[in-house]
> 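Take this structure first; my questions come after.
Every number for a ligand or one of its atoms is a count from 1 in the order of the listing. Throughout, numbering of the chain's residues begins at 1 and tracks the sequence. Fair warning: this is a prediction, and the values are worked out from it, not measured in the lab.
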Amino acid sequence: MSCCDQTGLMTVEQALEKLLGAAKPTTEIETVPLMRALGRVLAADQQSPVAVPPADNSAMDGFALRFADTAADGETTLAISQRIPAGAVPAPLQAGSAARIFTGAEVPPGADTVVMQEQCRWDEHQVTIAAGIKADANIRPRGQDIEAGATVLCRGHRLKPQDLGLLASIGIAQIPVFRRLKVALLCTGDELVEPGQPLPPGHIYNSNRYTLAGQLQALGFECLDLGIVADSAAATEQALLKAAAEADCILTSGGVSVGEEDHVKACVDKLGSLDLWRMAIKPGKPLAFGQVRGTPFIGLPGNPASVFVTFAIAARPYLLKSQGASDYLPVPVPVTAGFARKHSPKRQEYLRARLVVDEQGTAQAELAGNQSSGVLSTASAGNGFVIHRLGEAINEGQTVPFLLFSELLF
Ligand code: AMP
Ligand code: MG
């Protein structure tokens, strides 16, 4: 394979480039109420029809006045000419007077300064203001947050809670988003039983189904859960055909290794086309990518930790790009390694780790424990991956890239 290095493995970057190159962003759009738009991908740029705030308003409870009416040194006493609570429409400020004003209330025309009430003494009729106030203080100007006509969010943006608030602040109630992609999920293996059932000899519980359905849901995809698929050509073919007919993408776990019980590869090859990549990733390695009757197909390995990692690193960006998202690549943060790994790996390792802040306030990553591909408990014990880069050792105290699970699960 020309894309691979001397070891015959494809680097994670090469695999991602291929996957992302093949991802075709959806163009199907629907309009949803803002309250249901969390996690959805924006289908059109959003311009603000209004300025936010719409008018100059007070940042404090206090008194609005003209700075020119105050003494250069010493106290100033002014008559109180109006009272402006939030929600009221103020009258123009009479010269030589002050307006009682509250936080969020519009500043009256003519006023240029708000004095906070802590600097004032007042009764019903007049206010005395301490010396040394500042011109233009405590006013939040019209458009401070958003100018009318400004683009607030772009097509491809995945909507977070603060984005919903931002859209609400410009008065938008319905929002165009891309239709949620439906991802079919198949877990292959004769050894699998569902939790809740007794565990017969020779069997294990199907954990990948829950890990993957959870990852899909966390990213906002619809999951077409096709359950356990037996290790036979007939069962695999039947499940793949159903998945191809009903879903936008097919995701499988297991059955893509080199064993004779691994039927997924042969079936996908027969019904569509398949590339089998040996990715330089650990845990992980075999990753199958292709199509079944035109529906994109991603075959993940079977081991539970490999599934968690290969989904997060390879399937996630592919699916998010297909969903129309623009921020599909996770951003690693530099942290200090609280451990050493002297060897230089031939496969890039995604180490289950925990980011802790030490007494000096430094973010330090500690290994979460056993890194074997069959061990899932350390994925739960950790809060992210330290990336142990291909061909590099890690020394204690060195800066290493860290991918927070919270970044990968959104
Ligand atoms: P395979 O690639 O099918 O040979 O699977 C590799 C390893 O992952 C085997 O030990 C399987 O038992 C295990 N495995 C496969 N699928 C699952 C699953 N859905 N849940 C838990 N373990 C699995
Ligand atoms: Mg299997």
> Does only the side chain of E261 get under 4.0 Å from ligand 1, or the backbone, or both, or neither? Count heavy atoms.
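The answer is neither.
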
> Where do V114 and S58 come nearest, in terms of heavy atoms and distance?
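Closest pair (atom of V114, atom of S58, distance): CG1-OG, 3.5 Å.
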
> I'd like to know whether ligand 1 has S257 as a neighbour, heavy-atom separation below 4.0 Å.
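Flag set, S257 near ligand 1.
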
> Looking at Y205, which atoms of ligand 1 are within less than 4.0 Å of one of its heavy atoms?
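It comes down to these atoms of ligand 1: 20 (N), 21 (C).
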
> So which atom in R158 and which in F410 form the shortest heavy-atom distance, rounded to 0.1 Å?
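Reported closest heavy-atom pair: NH1-C, 2.8 Å.
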
> What protein heavy atom sits nearest atom 11 (C) of ligand 1, and how far away is it?
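Of the protein heavy atoms, E191 OE2, 3.0 Å lies nearest.
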
> Please say whether the positively charged group of R352, taken as NZ for Lys or CZ for Arg, lies over the ring of F385, i.e. under 6.0 angstrom from the six-membered ring centre and within 45 degrees of the axis.
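No.
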
> Relative to ligand 1, is I228 under 4.0 angstrom through side chain, backbone, both or neither, heavy atoms considered?
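Answer for I228: neither.
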
> For atom 17 (C) of ligand 1, what's the nearest protein heavy atom and its distance?
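Residue, atom and distance for the closest contact: N208 ND2, 3.1 Å.
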
> Is there a donor-acceptor pair closer than 3.5 Å between any side-chain N or O of E106 and the backbone N or O of A86?
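No, E106 side chain to A86 backbone: no donor-acceptor pair under 3.5 Å.
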
> Please name the residue in the list Y210, F405, Y350 that meets the ring pair (Phe, Tyr, Trp, His ring centres under 6.0 Å) test with F308.
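When ring pair (Phe, Tyr, Trp, His ring centres under 6.0 Å) is applied between F308 and each of Y210, F405, Y350, only F405 qualifies.
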
> Less than 3.5 Å apart, any donor N or O on the side chain of E349 or H343 sitting next to an acceptor on the other?
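Yes, a side-chain donor-acceptor pair sits under 3.5 Å.
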
> Can S207 be said to touch ligand 1, with heavy atoms closer than 4.0 Å?
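Yes, S207 has heavy atoms under 4.0 Å from ligand 1.
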
> Restricting to non-hydrogen atoms, name the atom on T128 and the atom on E75 that form the minimum distance, rounded to 0.1 Å.
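Heavy atoms of T128 and E75 come nearest at CG2-OE1, 3.4 Å.
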
> Would the number of heavy atoms belonging to other residues, nucleotides or ligands and lying under 6.0 Å from NZ of K282 be above 12?
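Incorrect, the count does not exceed 12.
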
> With a cut-off of 4.0 Å, which atoms of ligand 1 are near a heavy atom of N206?
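Listed by number with element: 18 (C), 19 (N), 20 (N).
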
> Report yes or no: do Q47 and T151 form a side-chain donor-acceptor pair below 3.5 Å?
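T151 and Q47 do have a side-chain donor-acceptor pair below 3.5 Å.
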
> Work out which heavy atom in P108 is nearest to a heavy atom in I101; give both atom names and the distance.
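Heavy atoms only, the tightest pair is CD-CD1, 4.2 Å.
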
> Tell me the nearest of G302, P304, S373, A305 to atom 6 (C) of ligand 1, using heavy-atom distances.
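Shortest heavy-atom distance from atom 6 (C) of ligand 1: G302.
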
> Please state which protein non-hydrogen atom is closest to atom 3 (O) of ligand 1 and give its distance, to 0.1 Å?
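Of the protein heavy atoms, G255 N, 2.9 Å lies nearest.
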
> Under 4.0 Å from a heavy atom of I204: which atoms of ligand 1 are those, numbered in the order shown and with their elements?
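Ligand 1 atoms under the 4.0 Å threshold to I204: 12 (O), 21 (C), 22 (N), 23 (C).
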
> Quick check on G259 - does any of its heavy atoms sit under 4.0 Å from an atom of ligand 1?
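Flag not set, G259 not near ligand 1.
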
> Which of the atoms in ligand 1, numbered in the order shown and given with their element, are less than 4.0 Å from a heavy-atom of N303?
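Answer for ligand 1: 6 (C), 7 (C), 8 (O), 10 (O).
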
> Of all the atoms in ligand 1, which lie at a distance below 4.0 Å from a heavy atom belonging to T188?
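Ligand 1 atoms under the 4.0 Å threshold to T188: 16 (N).
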
> What protein heavy atom sits nearest atom 4 (O) of ligand 1, and how far away is it?
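Atom 4 (O) of ligand 1 sits closest to the protein heavy atom D262 OD1, 3.9 Å.
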
